[in-house]
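What follows is a set of notes on a single structure, which appears directly below.
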Amino acid sequence: MRNLLTALCLLPTLVLAQELHTFKNGEVADAEKINQNFDLLRDMNGGTEISVVANCTEDPDAFSRLWIDKSSFKNVTFIVSGDCNVSEEVRRHLRALQARFIKIKGEYSPDRTCPSSLSWPSNQYHQINVSHGMLVFGCLTIKGFSDFDEPDLYSQTVAERFGEIRLAQVGGRNLGSFQARRSGIIEANISAEKLGYVSADNNSRLFVRCENESEIDWRSIQVFSGSTLSVSSCSASGLDSIYSEEGGRASLQFSDLIVSYMGVQSSSQLVFTNSNLSVLNQLSVSDNSFMSLQSEASISAPKTIVQRGGQMTLGARSVLQSDELTVIMGSGVYWSAQYGASISAVNSSFDATSYIGSTSP
């Protein structure tokens, strides 16, 4: 009894609101109530996953109230229906979600679509930041999260310090920027009209798969510092840049992208598979980095430069088209003519330390 009362005194006021039984000195404590307290304390500390239902069809604030009611629980699944408001207090918690495992899932309709939604106030900056825990959105439409009038301002979804964020069947007009940093993980299966900056840094992992067939207005794809970034089944225009730097590893599969500038440098990698890339300005591979075009991938660029130990290879039925191809300073461009790869360059040049040629006799 002394230990239980001590534990109750150490709990924050918010925890005490979770229907814990309290006792007075001198009274006989009921064993069932003591056991219920222990069960509740275990649930709050992540021992058991609990699931609650928020019906926002008639009450848009039902989810926000349930969130606050369960805010001391470590492992909670919210099943939502209707259009649910995200209150300021919920947004404050999401800006620094740590050591919690939260799932927010919409219910499938009879035709297997996802009619439920979460609504952030539009024209406001928002942030989701998860560390040492996990946040899952599933079968939901995200409204208002990054719907700004200013085109260069985007809300951020950040996973860092071993935090994980997973989005499955999540749609929205503008989902803002995704950032995985400091060993964070983001996996996003999404449909959107706009995306901001998608970046992975410092031993992190980020995966984006586009579920809609429409073209996305996307800003930039960046991977740095030993991180891994993967893009699959996306068609995007308006990209300012694609960077793979400082040992980053990027891969693009089944994607059609238009980008102003693309660079691979500082011992990094970039692999294209069954993808088409149009570079409007310059494509650069340098500083002992590696680019590979595989399985019918194609790249076109007005200027392509491979330098300082950079390597580019073209696999089966892959094509590089460039008005100006320059390979210098111990670099190489190789293609497999035997398997239908080809290079089309109006002007090409290489120095004595470099090579441009087929890997087949």
Side-chain angles (χ1 to χ4, degrees), residues 12-20 36 39-122 124 126-130 133-147 155 157 159 163-176 186-192 211:
T13 303
L14 190 58
V15 171
L16 293 176
Q18 301 296 327
E19 299 180 357
L20 285 166
Q36 288 174 354
D39 290 341
L40 188 56
L41 290 172
R42 184 183 66 250
D43 293 342
M44 290 177 180
N45 287 288
T48 303
E49 179 181 2
I50 66 170
S51 180
V52 294
V53 177
N55 187 345
C56 300
T57 304
E58 297 181 357
D59 181 4
D61 296 321
F63 163 71
S64 291
R65 282 199 305 273
L66 269 176
W67 176 283
I68 301 306
D69 184 54
K70 304 301 179 185
S71 60
S72 298
F73 288 74
K74 297 290 186 180
N75 195 343
V76 186
T77 296
F78 296 91
I79 307 298
V80 301
S81 59
D83 187 8
C84 299
N85 291 333
V86 181
S87 68
E88 172 55 36
E89 193 160 4
V90 175
R91 297 196 301 275
R92 178 173 58 82
H93 289 177
L94 289 175
R95 284 195 292 269
L97 192 67
Q98 184 174 3
R100 296 183 67 192
F101 299 85
I102 305 296
K103 300 176 183 178
I104 307 172
K105 298 182 177 181
E107 294 182 326
Y108 286 104
S109 66
D111 59 357
R112 302 298 292 175
T113 59
C114 298
S116 301
S117 61
L118 295 179
S119 292
W120 272 258
S122 59
Q124 293 185 27
H126 305 289
Q127 185 177 41
I128 295 172
N129 190 303
V130 178
M134 180 184 292
L135 176 65
V136 177
F137 291 125
C139 194
L140 288 168
T141 297
I142 304 297
K143 297 181 178 179
F145 184 71
S146 200
D147 293 346
S155 296
T157 298
E164 297 185 32
I165 298 175
R166 304 184 186 277
L167 296 86
Q169 288 185 272
V170 172
R173 190 175 75 84
N174 189 344
L175 295 180
I186 296 179
E187 293 186 4
N189 290 271
I190 58 173
S191 58
E211 297 180 334

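The analysis underlying the following values was restricted to heavy atoms, covering all of them including side chains, and did not include hydrogens, waters or symmetry mates. Only a predicted model underlies this, so the values are computations on that prediction, with no experimental measurement involved.
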Hey, mind stepping through Val52 and Phe73 against side chain to side chain contact (heavy atoms under 4.5 Å, CB included) and telling me if it holds? CA-CA 12 Å; Val52 294; Phe73 288 74; over 6 Å; no
The test is side chain to side chain contact (heavy atoms under 4.5 Å, CB included); show your working for Leu167 and Ile142 and say whether it passes. CA-CA 11 Å; Leu167 296 86; Ile142 304 297; 5.6 Å; no
Under a 4.0 Å threshold between the charged nitrogen and the carboxylate oxygen, would Glu88 count as salt-bridged to Arg95? yes
Among Pro115, Cys84, Ser116, Cys114, which residue satisfies the side-chain contact (heavy atoms from CB on, under 4.5 Å) criterion with Leu140?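 It is Ser116, the one option of Pro115, Cys84, Ser116, Cys114 that forms the side-chain contact (heavy atoms from CB on, under 4.5 Å) with Leu140.
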Are [X] and [Y] packed together at the side-chain level, in the sense that at least one heavy-atom pair is separated by less than 4.5 angstrom?
| X | Y | result |
| --- | --- | --- |
| Arg91 | Pro121 | yes |
| Thr157 | Leu135 | no |
| Leu175 | Phe145 | no |

Using the test salt bridge (charged side-chain N to carboxylate O under 4.0 Å, His left out), find all partners of Glu58 that sit at least two apart in sequence or belong to another chain. none
Using the salt bridge (charged side-chain N to carboxylate O under 4.0 Å, His left out) criterion, which residues pair with Asp59? Sequence neighbours excluded.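 With neighbours one apart ignored, the set is Arg65.
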Do Asn174 and Asp147 meet the criterion of a side-chain donor-acceptor pair at a distance under 3.5 Å?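 No - no donor-acceptor pair under 3.5 Å links their side chains.
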Does either side chain, that of Asp83 or that of Ser119, offer a donor lying less than 3.5 Å from an acceptor on the other one?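 Asp83 vs Ser119: donor-acceptor pair found between side chains.
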Report the relative orientation of the aromatic rings in His93 and Trp67; use parallel for angles under 30°, tilted for 30 to 60°, perpendicular for over 60°.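 Taking Trp67 first and then His93, their aromatic rings sit tilted (interplane angle of 30° to 60°).
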One pair to check against side chain to side chain contact (heavy atoms under 4.5 Å, CB included): Asp61 and Ser87. What are the steps and the verdict? CA-CA 8 Å; Asp61 296 321; Ser87 68; over 6 Å; no
What distance separates Thr77 OG1 from Ile102 CD1, expressed to the nearest 0.5 Å? 8.0 Å
Quick check for you: to the nearest 0.5 Å, what is the distance between Ile79 atom CD1 and Phe63 atom CZ?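 Those atoms lie 11.0 Å apart.
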Any donor-acceptor pair under 3.5 Å linking the side chain of Ser191 with the backbone of Glu211? no
Between the main-chain N or O of Asn85 and the side-chain N or O of Ser64, is there a donor-acceptor pair closer than 3.5 Å?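 Yes, because the side chain of Ser64 sits within donor-acceptor range (under 3.5 Å) of the backbone of Asn85.
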Can you check side chain to side chain contact (heavy atoms under 4.5 Å, CB included) on Ile128 and Trp120, steps first, answer last? CA-CA 12 Å; Ile128 295 172; Trp120 272 258; 4.2 Å; yes
Checking Phe101 now: which residues fulfil ring-ring contact (aromatic ring centres under 6.0 Å, His included) with it, not counting sequence neighbours?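 ring-ring contact (aromatic ring centres under 6.0 Å, His included) list for Phe101, sorted by chain: empty.
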Pair listing, salt bridge (Lys or Arg N to Asp or Glu O under 4.0 Å) test, anchored in residues 163-172, at least two apart: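 Sorted pair list: Glu164-Arg166, Arg166-Glu187.
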Qualifying salt bridge (Lys or Arg N to Asp or Glu O under 4.0 Å) pairs, either residue in residues 109-119, two or more places apart: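 Residue pairs passing salt bridge (Lys or Arg N to Asp or Glu O under 4.0 Å), neighbours aside: none found.
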Just grab all the side-chain hydrogen bond (donor to acceptor under 3.5 Å, both in side chains) pairs involving residues 96-108, residues at least two apart or on different chains. Tyr108-Gln169
